[in-house]
Amino acid sequence: MSKTDIIPTNFIENIIVDDLNSGKHDKILTRFPPEPNGYLHIGHAKSLAINFGIKNKFGGTCYLRYDDTNPEKEEQEYVDSIKEDIKWLGHVWDKELYASDYFETMYQCAVLLIKKGLAFVCDYSDEEISKTRGSFNEPGVESKYRNRSVEENLKLFENMRKGLYEDGSRVLRAKIDMASPNMNMRDPVIYRILRSTHHRTKDKWVIYPMYDFAHPIEDAIEHITHSICTLEFEDHRPLYDWVVDNCEFDPKPRQIEFARLNIKNTIMSKRFLKKLVDDGFVEGWDDPRMPTISGMRNRGYPPEAINEFCERIGVAKANSEVEPSLLEFCIRENLNRTADRAMVVESPLLVTIENIGEDESFEFDIVDNPQDENSKTHKVVLKREIFIESSDFALVPPPKYHRLVEGGKTRLKGAYIIEHVKTILDCDGNVESLVCRYIPDSASGGENARIKVKATIQWVSKADAVDVELHNFESLLTDEVEGVKNFTDRLNQNSRQIIKGAKGEPFVLEGEENKRYQFMRSAYYKRAKKVDGVWQFYRIVSLKESYSLM
RNA sequence: AGGGGUGUCGCCAAGCGGUAAGGCAUCAGACUUUGACUCUGACAUUCGUAGGUUCAAAUCCUGCCGCCCCUGCCA
């Protein structure tokens, strides 16, 4: 009897701890069973975190098993992307398995049920089956084929496999109870005839098992101890157990259901996401606006942040909707520790520092990331003419404005304190440029460094300025889910807005793609790709309250 | 309507008969060469609701109410 001291943090782990302590199991075996009919999204990350979390926490085993029992919807592209996304999130599966590898076993299980008088071939059409299923109030009507002999059923089922019948002309049904209040138990279809090329078994089979029949068998074959799925399968559990019992599997897997992840204003249905891709509203499943794992990867979300989010949301059975701010918090928390800082000016305002000569320059070392003790530094050069963010100067400052004002002082990040001398207005009375002077010895360690200023602003020397492109994506958030039309209209209006003409430090242009930066006082960005010699940056997430006093 | 679930702070979520953890969000203050970060403080006399049992209930019982899922040859 094995005992564990591990403290459970949710109801599923509770069950597992009980099963370990009671000696029911020595080793826990879970599985992540995606159907390869689309890309993984953030909702799957939760399921991944639960199943692989159990593996890691309890020294268990977790399989990646493709639930590929419906050839009409499944594709190799999806199995590849799923693998890639799981790896990226950092999960390591013990075996890669496919439901389709069990088709023969499943067939034999069906034969066993027939022999036990627990399954029969039904000649009804799908309409007839539907019609005779009854309703929530009325029991169903038993199929007139329900009492065929075992021999006849065996022969018919074999013929189904041989391809002697047309698609949809017959099905194999479990013989359970047409009067059950649980619709799933009213003689459910467990095999159908379907001529469709399977991405792995090709045209070997013309009959395919249904989920309710296949899934428990898959679990049982693999000796899964805890088969974790979402709430909507609760009603299926009696059928799940019925299959495991009647196909005489031992040990028996246990199905546990939890509430799937919903994020406020975020579309998570695969059907819907697929439509966005198919209809060309986004560039693909991995478009940075998509709530898919690959979309988030392209957007620049760190995988650790996604996993942290999955930890923090918890696991329970109550339907809920998490606010996106929690995900954003996890991303910021991660990026604050890991992202290098860079100064960038989105809306440049020219400042001439009159006491710096035309050919004079000062070099400063700035720590790449002050949150990181081992951070490297990079050099910035201060010259006579610099750009500052136009919002960092206010002719008429609003209350509590801390930055540069007429006659005021502010610190240039990493360099000197400057003092406002003169404002130059254009003919319309708008601020055209500023004249300032720097305070000697006010750099770090200097005699005048202790002069109190209320703010530190970012700057870029004009001579060193280069263009970068900032892409501020509208992610797939909607105020209300109002159907495809409305939603895609919004997408077209708001997505891929390009903020042009940002000036950046030289160091921003060194290094590799996918590096993440915090642009001072604005947001975290990921360097994405170079187009026509100009780096594009994708906004990952904004800083908190970054522009509150604009 | 029948069945299966579920209701604890704006959003998640612990709690499992002994007198409401924690996180996000929010607000206030401190600190700061990023108004970021960090730090400090505030934030449910009350657990959908009405009764009952008990010395004691979010936790047990009963009745109501709300929300979610189920009548695919999808998963």
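Keep in mind that this is a model prediction, so the values were computed, not measured. Chain identifiers are assigned alphabetically (A, B, ...) following the order of the sequence lines, protein sequences preceding nucleic acid strands; residue numbering begins at 1 within each chain.
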Open item on the list: Under 3.5 Å, is there any donor-acceptor pair linking the side chain of A:N182 to the base of B:G4?
Closed with: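 In this structure, the two groups form no donor-acceptor pair.
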TODO: Please evaluate the base of B:G4 for a donor-acceptor partner in the side chain of A:R237 within a cut-off of under 3.5 Å?
DONE: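 No pair found.
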Check nucleotides 9-12 of chain B against the protein and report each pair of N or O atoms closer than 3.5 Å, with its distance, or say if there are none.
from	atom 1	to	atom 2	distance (Å)
B:G10	N2	A:E323	OE1	3.2
B:C11	O4'	A:E323	OE2	2.9
B:C11	O3'	A:E321	O	3.0
B:C11	O2'	A:E321	O	2.9
B:C11	O2'	A:E323	N	3.4
B:C12	OP1	A:E321	N	2.9
B:C12	OP1	A:E321	O	3.4
B:C12	O5'	A:E321	O	3.3
B:C12	O2'	A:I313	O	2.7

Which is true for [X] with a 4.0 Å heavy-atom rule: it touches a base, it touches only sugar-phosphate, or it touches nothing?
X      : answer
A:Q371 : base
A:I129 : base
A:V315 : sugar-phosphate
A:Y208 : nothing
A:H236 : base

Taking the same atom, [atom1], in [N] and in [M], what whole-Å distance lies between them?
N     : M     : atom1 : value
B:A20 : B:A57 : P     : 12 Å
B:U6  : B:U49 : C1'   : 15 Å
B:G48 : B:A14 : P     : 15 Å
B:C39 : B:U62 : P     : 47 Å
B:A25 : B:A13 : C1'   : 14 Å
B:C69 : B:G29 : C1'   : 48 Å
B:C70 : B:C16 : C1'   : 29 Å

Task: Charged N-O contact under 4.0 Å between A:K131 and A:E127 - done: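 Salt bridge between A:K131 and A:E127, a charged N being under 4.0 Å from a carboxylate O: no.
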Open item on the list: Strictly below 4.0 Å: does A:S130 bring a side-chain N or O up to OP1 or OP2 of B:G72?
Closed with: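 For A:S130, the contact criterion (side-chain N or O under 4.0 Å from OP1 or OP2 of B:G72) is met.
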- [ ] Answer yes or no as to whether B:G35 has its base stacked against A:H402, where stacking requires a ring-centre separation under 5.5 angstrom and planes under 30 degrees apart.
- [x]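 Yes.
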Task: Criterion ring pair (Phe, Tyr, Trp, His ring centres under 6.0 Å) against A:Y98, the qualifying member of A:Y63, A:Y66, A:F103 - done: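 The ring pair (Phe, Tyr, Trp, His ring centres under 6.0 Å) with A:Y98 is passed solely by A:Y66 among A:Y63, A:Y66, A:F103.
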Open item on the list: Using whole Å, what does the distance between atom C1' of nucleotide B:U32 and atom CD1 of A:I417 come to?
Closed with: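 Rounded to the whole Å, the gap is 14 Å.
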- [ ] For A:K413 and for A:N10, locate the closest nucleotide of RNA chain B by heavy-atom distance; then report the residue assigned to the nucleotide nearer the 5' terminus.
- [x]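 Between the two, 5'-proximity favours A:N10.
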N/O donor to acceptor pairs below 3.5 angstrom from side-chain atoms of residues 136-143 of chain A, sequence neighbours left out:
from	atom 1	to	atom 2	distance (Å)
A:E138	OE1	A:S135	OG	3.0
A:S143	OG	A:Y145	N	3.0

Open item on the list: At a heavy-atom distance below 4.0 Å, what parts of residues 133-141 of chain A sit against RNA chain B?
Closed with: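 Heavy-atom cutoff 4.0 Å gives A:R133, A:G134, A:S135, A:F136, A:N137.
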Task: Results of side chain to side chain donor-acceptor pair (under 3.5 Å) for A:H41 - residues two or more places apart only - done: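 With neighbours one apart ignored, the set is empty.
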TODO: Can you sort out the partners of A:V244 under side chain to side chain contact (heavy atoms under 4.5 Å, CB included), two or more places apart, ordered by chain and number?
DONE: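 In terms of side chain to side chain contact (heavy atoms under 4.5 Å, CB included), with neighbours along the sequence ignored, A:V244 is linked to A:P216, A:Y240, A:F249, A:K252, A:P253.
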- [ ] Using the six-membered ring of A:Y524, assess whether NZ or CZ of A:K526 lies under 6.0 Å from its centre and within 45 degrees of the ring axis.
- [x]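 No, A:K526 does not sit over the ring of A:Y524.
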TODO: Apply ring pair (Phe, Tyr, Trp, His ring centres under 6.0 Å) to A:F258 and list each qualifying residue two or more places apart in sequence or on a separate chain.
DONE: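 Once residues adjacent in sequence are excluded, A:F258 has no partner under the ring pair (Phe, Tyr, Trp, His ring centres under 6.0 Å) criterion.
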Open item on the list: Quick test of your reading: applying side-chain hydrogen bond (donor to acceptor under 3.5 Å, both in side chains), list the pairs with at least one residue in residues 165-181 of chain A, sequence neighbours left out, ordered by first then second residue.
Closed with: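 Found A:D123-A:R170, A:N159-A:Y165, A:D167-A:R195.
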Task: Results of salt bridge (Lys or Arg N to Asp or Glu O under 4.0 Å) for A:R237 - residues two or more places apart only - done: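 Per chain and number, A:R237 pairs via salt bridge (Lys or Arg N to Asp or Glu O under 4.0 Å) with A:E257.
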TODO: With sequence neighbours left out, write down each residue that passes salt bridge (Lys or Arg N to Asp or Glu O under 4.0 Å) with A:E232, or none if nothing qualifies.
DONE: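 Partners of A:E232 under the salt bridge (Lys or Arg N to Asp or Glu O under 4.0 Å) test: A:R260.
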